[in-house]
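In what follows, every chain begins at residue 1, and chains take the letters A, B, ... in the order their sequences are listed.
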Amino acid sequence: MSKIVTGFSVTFVNELSLRILFNTPASTDEYRSRVSLLAYCRHSLLEEFTHQISDVICSYNTLLINTVHIASPPQLLISQLERALARYLHQYSHQAHETLPTKHVMVPVYYSEETGPDLARLAHAKNMSQQQLIEIHSATSYTVCALGFAPGFAYLGFVDNAIAAPRLTTPRKQVNKGAVGIADNQTGIYPASSPGGWNIIGQTPTDMLQREHGTEQVCPVEVGDTLSFTPIQREQFIALGGILA
Amino acid sequence: MIRTPHKAGALTLSQTGPAALLQNAGRHKIQHIGFCESGAADEHAFFWANTLLANALNQCALEITLGPFECTFDKDTRIAITGAADTITLNKQAVLPWSSVKIKAGDQLHIAPPKTGVRSYLAVDNGFLFDDPLTQEGAMVPREKSGPFGGEVFSKQQQIRYPLATKHKTVASRATPRRFIPDYTQPLLLEVMLSYQHEQFSEEAQEQLWRSEYIVHQDSNRMACTLSGPAINYDHRSLLSEGIALGAIQIPASGIPIILLKDRQTIGGYPKIGCVSRIGCSALSQRRPGQKVRFQASSVEDNQTRLRAFTDFFSLAHV
């Protein structure tokens, strides 16, 4: 585990929202531990300020906090948050990591030219076989650094430099639900069919937005969780409910 | 969750305009997985619609973009229509906007396309009902297919249910005093709280924002108000995505500001110079393509004071 940060600032960005900016991590490893800290802060804030805070959005190096009512006086809320965050940071750095509210999720992927229209081109561009590319992509445990763009879209950091690749110059009009892609040093899963510019190398049958027990849609991962990909064959993909376009 | 009682009325839609959606005061505890806040684009008109019926302020109402809109009610109720609507008829008889109106079973309501403004709000006594086990809050987002009715914009012949009239609620008719009804043709001066990356913008870039006049662009929608006008220069490198607050003024590669509204994406990586006030976002949501908008810097504290007065007004008007 990398060194824990101490520097952060708390400011209002509008009447009801506050932004917490942490000091800039120096490496991708530090970013991975940072988002785990953000997740810890998010859970702690929602628990401690349960009647004041409606949403906390974690992303890489920031938290955006939405409050329900205008704080009275506003400066008091800032100092309360500063004190609470300093306490969370201290707790986090002294806590056994088993107690952190993060989990690891395994996602099966059918890597193929059939489900990954950019697989062959990317492997060729990287001077490797498709199998080597698949092995590299599925060997890493990724961290959910942010969730958004569309509901359930997880930005996963970070892919091995050997397979990092820029976004397509012209985004596709249609990327299939479950498509697994690479953009720069990040990888991600399209939770629903949508336009998109990531390099698609496979497809998962796992739903990234699930409806459970008559509730709102939920996502199987949150920021700070880790995720790894397991290669599966065509038959398993179909048996697990995967749909080929 | 709102459960539909066995006895309920229903309105049947016969004209919906470009988009009719149920909206509430916004969704909570949903943005961390990427679902947008959503909610009524114009909170001023939305709160008035509920206030005129002595409804709870967050009861969901129909947000009708432009029009024409037409529906028939099958049970007695009361309604209130606020916002852009100016020509409303009930069984071909004119009725007033910004006032409560008694409805009898079989009544047909027609709202003509408004001459000014964009969005009208139709509220019913005690709010619309939806019995969707997959959603808890009455805001529909077509892009996400989230909210009641699968989030899809309403189409003709669809029905929306409402509770039967209750005896114990005040039945006094109410109307919004004239001084509280906005003129949506007025040029808009938006209050901006400098925040996010504003320190990375040069003084000239900031000056450019304060002195320029912008025109609302036709690509505007519930997600964002796009503008045309002078570009704001930003020459820092690309940023990491972060959470986006209501009213955030995003400066994309073109340099032309975009103001992010209720259906905005939860995170984004463009630089943001600050946020337009919540009251300003409501007013902006009623401006049509071609209308003029300017910006002025103001403090978070001043805008908090104004927003507190705004919400107190409706909370007090309610009792």
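In this structure, CD in B:E144 is found 9.0 Å from CG in A:L209, a value given to the nearest 0.5 Å. In this structure, CG in A:L147 is found 11.5 Å from OG in B:S241, a value given to the nearest 0.5 Å. Here NE2 of B:H28 is found 12.0 Å from CD1 of A:I53. Values are rounded to the nearest 0.5 Å. If you take CG on B:L240 and OH on A:Y31, they are separated by 4.0 Å, rounding to the nearest 0.5 Å. Here A:M208 contributes atom CE and B:I33 contributes atom CD1; the two are 10.5 Å apart, rounded to the nearest 0.5 Å.
Contacts with chain B were tallied for A:S17, A:A146, A:P74, A:C58; A:P74 has the most, counting heavy-atom pairs under 4.5 Å. Contacts with chain B were tallied for A:I57, A:V13, A:N61; A:V13 has the most, counting heavy-atom pairs under 4.5 Å.
Of all residues spanning residues 194-202 of chain A, none has a heavy atom less than 4.5 Å away from chain B's heavy atoms. Heavy-atom proximity under 4.5 angstrom to chain B picks out nothing from residues 170-188 of chain A.
At least one donor-acceptor pair closer than 3.5 Å links the side chain of A:N14 to the backbone N or O of B:L246. Between the side chain of A:E222 and the main chain of B:H32, no donor-acceptor pair closer than 3.5 Å is present. Judged by distance alone, the side chain of A:D55 and the main-chain N or O of B:I30 form a donor-acceptor pair under 3.5 Å. Between the side chain of B:E242 and the backbone N or O of A:T62, no donor-acceptor pair lies under 3.5 Å.
Inter-residue side-chain proximity for A:E15 and B:S277 is flagged as met; some heavy-atom pair is nearer than 4.5 Å. B:I267 has its side chain out of reach of A:L64: every pair of non-hydrogen atoms, C-beta onward, lies at least 4.5 Å apart.
Taking every heavy atom of both residues into account, A:T50 and B:K29 meet most closely at O-NZ, 4.4 Å. Between B:R308 and A:A71, the shortest heavy-atom contact is NH2-O, 3.2 Å.
Evaluation of the ring-ring contact (aromatic ring centres under 6.0 Å, His included) rule for A:F12 yields no partner, not counting sequence neighbours.
Heavy atoms closer than 4.5 Å to chain B are found in the side chain of A:L16, but not in its backbone. At a 4.5 Å heavy-atom cutoff, B:T305 makes no contact with chain A through either its backbone or its side chain.
Under a cut-off of 6.0 angstrom, the local environment of CD1 in A:I243 is sparse, with at most 12 non-hydrogen atoms contributed by other residues, nucleotides or ligands. Counting non-hydrogen atoms of other residues, nucleotides and ligands closer than 6.0 Å to NE2 of A:H104 gives a total above 12. The number of heavy atoms from other shown groups lying within 6.0 Å of OH (B:Y234) is above 12.
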Give the table of side-chain donor-acceptor pairs shorter than 3.5 Å for residues 34-41 of chain B, with sequence neighbours excluded, one pair per line with atom names and distance.
residue : atom : partner : partner atom : Å
B:E37   : OE1  : B:R264  : NH1          : 3.1
B:E37   : OE1  : B:R264  : NH2          : 3.0
B:S38   : OG   : B:Q23   : OE1          : 3.3
B:S38   : OG   : B:R222  : NH2          : 3.2
B:S38   : OG   : B:D263  : OD1          : 3.0

